[in-house]
Amino acid sequence: MSRIKINNVELYYEEHGSGSEPIFFVHGFLVSSKMWHDHYISRLPAKYHAYAMDMRGHGQSNQIKHGCTLVQFADDIYQFSQQLQLTPFLYVGVSMGGGVGIQLALDHPEVLKGLVLMNTVTGFGLLAPPLYMALFRLMAGKPWFLKMMLKSAFKRPPSDDTMQLFLDEAMLVSRETVTEWTHPNNRMQHFERLNHLTVPTLVMIGDKDTVIPVDGQHRLADALPSAEKIVFEDEGHMMGAEIPEDVFIAMSAFL
């Protein structure tokens, strides 16, 4: 458990393992790096050295209220990799974290060895359906709203303990962070260059995702010249938490 100062803000991160292969895990909106530990980082082979950061505005970095955009998140990770001399590294991102990975690949493809994107925001149109964008702005700090929104992302009813874990994490996210993330100007930069990216990429899609438009996820996979695509049938946005074994197996085979 450590903290690092990047772009004039202090961010929390964890590292696990001592292998020679760096791999970076990036969480989704409203959650934190905790989502990766039990089912992913703890199961990695010994050759990996894993890093997971609470992105600004989230988790134990929740005191940061500004700069919560795709471009800023991507630069935070780039600066982190430079300070710790991690390049090239593997990158695993879900939802918001997947979109950050794409932005990082557009800005600094040279630092990436491979990308794993799970139910990722895509850059095609809005980051999420308009109803979600509007409700996000209303729900910051309101447990009932947050619980309703989080439940809707699951394909199956989550356990009380799982729901409470996600709700506790979401309650840490400030109204300023929510407003910046849902702002219309929060878009991927240079998105038209996707067909020039040669970073090996795995795109995993839950075909019943109700948070990120599925057609945009397919378009993303088709636009990336070095991408593989795996579709999980009858799975939703939170498949990484609902079927972690299947997701981990697919990720491991690609890595």
Side-chain angles (χ1 to χ4, degrees), residues 1 3 9-14 25-42 52-70 72-73 76 93-100 118-121 126-186 206 208-214 235-244 247:
M1 302 179 189
R3 293 186 178 274
V9 300
E10 190 178 80
L11 301 177
Y12 172 88
Y13 74 97
E14 295 187 1
F25 289 82
V26 181
H27 59 80
F29 188 57
L30 297 180
V31 293
S32 77
S33 58
K34 287 181 181 179
M35 67 171 294
W36 298 113
H37 187 266
D38 290 345
H39 298 296
Y40 295 91
I41 290 176
S42 65
M53 181 190 292
D54 287 354
M55 304 308 293
R56 59 172 67 205
H58 294 76
Q60 295 188 59
S61 298
N62 69 298
Q63 73 274 20
I64 307 304
K65 296 180 178 181
H66 301 292
C68 298
T69 66
L70 286 165
Q72 185 63 69
F73 286 141
D76 287 345
V94 59
S95 192
M96 176 187 83
V100 174
M118 186 193 314
N119 284 341
T120 184
V121 299
L126 296 172
L127 294 180
L131 178 60
Y132 268 84
M133 303 291 270
L135 287 176
F136 273 148
R137 298 186 185 98
L138 294 174
M139 71 183 183
K142 298 178 180 178
W144 186 85
F145 266 114
L146 286 169
K147 191 171 184 178
M148 177 187 70
M149 294 294 293
L150 290 166
K151 268 190 175 180
S152 71
F154 284 84
K155 187 68 175 58
R156 308 162 188 82
S159 68
D160 290 343
D161 288 344
T162 297
M163 191 69 252
Q164 192 61 52
L165 174 63
F166 278 90
L167 182 59
D168 290 345
E169 294 292 290
M171 285 293 292
L172 295 174
V173 180
S174 71
R175 185 174 299 277
E176 293 93 337
T177 293
V178 172
T179 299
E180 285 203 321
W181 177 249
T182 58
H183 195 281
N185 290 340
N186 183 22
K208 296 297 189 293
D209 191 341
T210 59
V211 178
I212 307 298
V214 173
E235 297 297 339
H237 191 67
M238 300 299 290
M239 65 185 187
E242 295 189 80
I243 54 166
V247 173

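Please read all numbers here as calculations on a predicted model, not as lab measurements. By convention here, the first residue in the shown sequence is residue 1.
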4.5 Å side-chain heavy-atom contact, [X] and [Y]:
{"X": "V178", "Y": "F29", "result": "yes"}
{"X": "T162", "Y": "F154", "result": "yes"}
{"X": "M35", "Y": "V94", "result": "yes"}
{"X": "K142", "Y": "L146", "result": "no"}
{"X": "M239", "Y": "M118", "result": "yes"}
{"X": "H237", "Y": "S95", "result": "yes"}
{"X": "K151", "Y": "M238", "result": "no"}
{"X": "I64", "Y": "L11", "result": "yes"}

We want to know whether [X] and [Y] form a side-chain donor-acceptor pair, criterion being a heavy-atom distance below 3.5 angstrom.
{"X": "Q164", "Y": "D160", "answer": "no"}
{"X": "S33", "Y": "D54", "answer": "yes"}
{"X": "T177", "Y": "H58", "answer": "no"}

Regarding E169 and K34, does a basic nitrogen lie under 4.0 Å from an acidic carboxylate oxygen? yes
Would a distance-only check, ignoring hydrogens and angles, find a side-chain to backbone donor-acceptor pair under 3.5 Å from [X] to [Y]?
{"X": "N186", "Y": "L70", "result": "yes"}
{"X": "N119", "Y": "I212", "result": "no"}
{"X": "R56", "Y": "H66", "result": "yes"}
{"X": "Y40", "Y": "V247", "result": "no"}
{"X": "E180", "Y": "G67", "result": "yes"}

Among R156, K155, K208, which residue meets the salt bridge (Lys or Arg N to Asp or Glu O under 4.0 Å) test with E242? R156
Atom pair CZ/CE of F73 and M53 - distance to nearest 0.5 Å: 11.0 Å
From C68 atom SG to D76 atom CG, the distance as rounded to the nearest 0.5 Å: 9.0 Å
S152 to T210 - nearest heavy-atom pair and separation: O-OG1, 3.3 Å
